[in-house]
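Throughout, protein chains are lettered first and strands after them, A, B, ... in sequence-line order, and every chain is numbered starting at 1. What you see below is based on every heavy atom in this structure, not just the backbone, and it leaves out hydrogens, waters and symmetry mates. What you see is a predicted model, and the numbers here were worked out from it, not measured in a lab.
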Amino acid sequence: MVTPGIDPLDSIRGADVGRSGRGGLVGLAIDSTAGFAVVLPATETTSGSTITGPIDDLAEALAQLDDALAPRWVWWSIDTAAALVHAGITLTTCWDVATVQRLITGGWRADPARVWAQLHGLATEMIPTAGRIDLFTPAVTGGDLEEPVRPDGHLTPQWLADDWSWTPTRLGRWAALAVEAASLQIVALNALAERPMAPTTARSESAAELLCAELRKEGLPMNRAAAEQIIAEFIGARPRSDGEAERQRTLRDADVLRHGPIGQFDLRNPSQVKSLLRSVGVEVPDTRAWRLEALHDPHPLVIALLAWRRAERVATTFGYDWLDEHLGTDGRLRGTWSGCDGAAGRMTATAGLHNMPTHMRPAVIAEPGFVFVRADLGQIEPRVLAAVSGDTALARAAAEDDMYAPVSTQLGVDRATAKVAVLGAMYGQTSGHGAQALRGLESSYPVAMSYLADADLAGQAGRDLRTYGGRLVRMDLTQAAGLDDRGTRSRAAARGRYGRNALVQGAAAELFKMWAVIVRTRAAPFGGRIVLCLHDELLVHVPAEHGGQVADLLDTCLAEAAHRWAGGRANGVRFIADIAVIRRWSDAKP
DNA sequence: ATCGTAGGCGCC
DNA sequence: AAAGGGCGCCTACGAT
């Protein structure tokens, strides 16, 4: 099931699968002024050595070492990946200490001092800072600044400061410490006996950091004229002055307020909106759109308010200012990408790349001579559930293109009810229409349902969880998701839903990233570049003449990803993708 | 003035 | 009894 050629996880440029890791862990640290340092490990015949040089020599040095050793490049964080991208260097994979630590320990914070302390069993509360920030943090005075590790075992905080003055020697020490951290991480990952895929996840998540660094530089092709035309349809032409913008704003407000009583109401203040609605006889607990849309025979004020909210969203978030800030003169929309969030591990992006309104998507147009290959995973979460829970009955359902069809037959309900029930089970919704069908699920798919119920119980009890790929999902009792004022029972229930959802969402994210990093490597020879990752959707920008080949490739990469992600334990679950070659993002209907 | 929080909404 | 989760981003507001 492994596509021949470059291995996107286990080897470096041009290397075969069989060469994986032959050169061992090789540390890399880069500073824009001090240059780079490469730390080679000791072997049976040689002692370890460090190579340093100026940035200009980096590409050649890495190419030679890559070919000679097929090493696994190790660095502290995406900053190094970004420096490589900046230098025009493309590596296939790496070991990113920060992202691996997020996998092992959960959460998002993974600065070197914290990672080092965790890997060495030191209390993170005792991490020293360069200046005393409170009474309990040990202040740093004196000491040997040339030593990156202090006598107490913690990293020397000056090395972590933005203004630390790097030298080639210091970069060498720093890269060596990254290798030491990676070695400890590998031990920790191998110790997760219940999560045999964890080492694999560490590699794919590391490669995803390379992808994130590239996504930030590459940007999403977006046609400015098309985008401005769409915005104009909502809020009119671009205002030529602040005064004009203010007048347009006042006019938009007046279109709503004329339906209500005389008086001052701030439409941007939810409690005042509630008062305004009450004044025309509309009583609602809150003013959320779905609640207002649920009103039958709505007051004209409600209609106007909902239209105002849509226009206001464009004006404030996805309007001219948004384009000016994030859309470059080269027609690329750029934001910052993160390989995982601090919860279940999905990717995140800024600049509206992950929540761009559908009405803006016709402006995402491939450049001349290029096409998009768009692919999204079909019914990814129930399929992932079937795989990770080991439920053979659900896995059999996943053999179908539409797995809700066999489920509905099994349950004796219509397809819509079956779908709501399955989604409800995964997301913790146990009431409403799906409640009856849920009992059917429990008897027909007991393995999957108890997998979810166990996660729910763990969440309620505040016990940490681990995804299929080994990511720790932390259950912080003081900072529960869905915190509200209805007391601890509600908070426990929210944590239960969180745990239930996190195992499915997190495993899906791991599969998705595995797919993405394989596509990244295999599409590159065709000139294909991933320009957007959207949880279960990939957008690849590719020369028009290779659109068909890359479309085929996305499908084979998915099969490979599923195989690698599950390590042959996928329980026979089939994963499917809807793939289309298009010119505009909006051309393919999900 | 600066910060965190809440309501709200966009996407998955 | 009833209850999806995640993220980023906007505004208003209260606390510091």
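Rounded to whole angstrom, the span from the CD atom of A:Gln460 across to the P atom of C:dG4 amounts to 14 Å. If you measure from atom CG of A:Leu438 to atom P of C:dG4, you get 14 Å, rounded to the nearest angstrom. As rounded to whole Å, 10 Å separates atom P of B:dC12 from atom CG of A:Leu532. Atom CG in A:Asp536 sits about 8 Å away from atom P in B:dC12, given to the nearest Å. In this structure, A:Glu312 atom CD and C:dC10 atom C1' are separated by 9 Å, rounded to whole Å. Between the NE2 atom of A:His535 and the P atom of C:dG6 there is a distance of 13 Å, given to the nearest Å. For the pair A:Gln379 CD and B:dC12 C1', the computed distance is 16 Å after rounding to whole Å. As rounded to whole Å, 14 Å separates atom C1' of C:dG6 from atom CD of A:Glu510.
Tested against A:Leu292, the residues A:Leu301, A:Ile303, A:Val284 include a single side-chain contact (heavy atoms from CB on, under 4.5 Å) partner, A:Val284.
Out of C:dT11, B:dC12, C:dG5, the shortest distance to the side chain of A:Arg268 is found at C:dT11.
By the side chain to side chain donor-acceptor pair (under 3.5 Å) test, A:Arg574 is found to be paired with A:Asp401, residues two or more places apart in sequence or in another chain being considered. With sequence neighbours excluded, the residues satisfying side chain to side chain donor-acceptor pair (under 3.5 Å) with A:Gln101 are A:Gln118, A:Gln185.
By the 4.5 Å heavy-atom criterion applied to side chains, A:Arg334 and A:His326 are not counted as neighbours.
For residues 285-294 of chain A, the pairs satisfying side-chain hydrogen bond (donor to acceptor under 3.5 Å, both in side chains) are A:Asp286-A:Arg288, A:Asp286-A:Arg291, A:Thr287-A:Arg309, with sequence neighbours left out.
One side chain, A:Ser444 or A:Gln410, offers a donor N or O that lies under 3.5 Å from an acceptor on the other.
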Between the protein and nucleotides 7-10 of chain B, are there any N/O to N/O pairs under 3.5 Å, and if so, what are the atom names and distances?
residue, atom, partner, partner atom, Å
B:dG8, OP1, A:Thr287, N, 3.0
B:dG8, OP1, A:Thr287, OG1, 2.9
B:dG8, O3', A:Arg309, NH1, 3.4
B:dC9, OP1, A:Ala289, N, 3.3
B:dC9, OP1, A:Arg309, NH1, 2.5
B:dC9, OP2, A:Ala289, N, 2.8
B:dC9, O4', A:Arg313, NH2, 2.9
B:dG10, N2, A:Asn355, ND2, 3.1
B:dG10, N3, A:Asn355, ND2, 3.2

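For A:Arg497, a side-chain nitrogen or oxygen approaches OP1 or OP2 of C:dG5 to under 4.0 Å. For the pair A:Asn501 and C:dG6, the criterion of a side-chain N or O lying under 4.0 Å from OP1 or OP2 is not met.
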Show me, pair by pair, the donor-acceptor contacts under 3.5 angstrom made by side chains of residues 208-219 of chain A, not counting sequence neighbours?
residue, atom, partner, partner atom, Å
A:Glu209, OE2, A:Thr99, OG1, 3.0
A:Glu214, OE1, A:Arg520, NE, 2.8
A:Glu214, OE2, A:Arg520, NE, 3.3
A:Glu214, OE2, A:Arg520, NH2, 2.6
A:Lys217, NZ, A:Val85, O, 3.4
A:Glu218, OE2, A:Arg332, NH1, 3.4

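A donor-acceptor contact under 3.5 Å links the side chain of A:Arg346 to the base of C:dG6.
We find that A:Glu205 and A:Arg102 are not joined by a salt bridge, their nearest charged nitrogen and carboxylate oxygen being 4.0 Å or further apart.
Heavy atoms only, all atoms of each residue included: A:His541 and A:Ala366 are closest at NE2-CA, 3.8 Å.
Remark: nothing in residues 206-239 of chain A comes within less than 4.0 Å of DNA chain C through any heavy atom.
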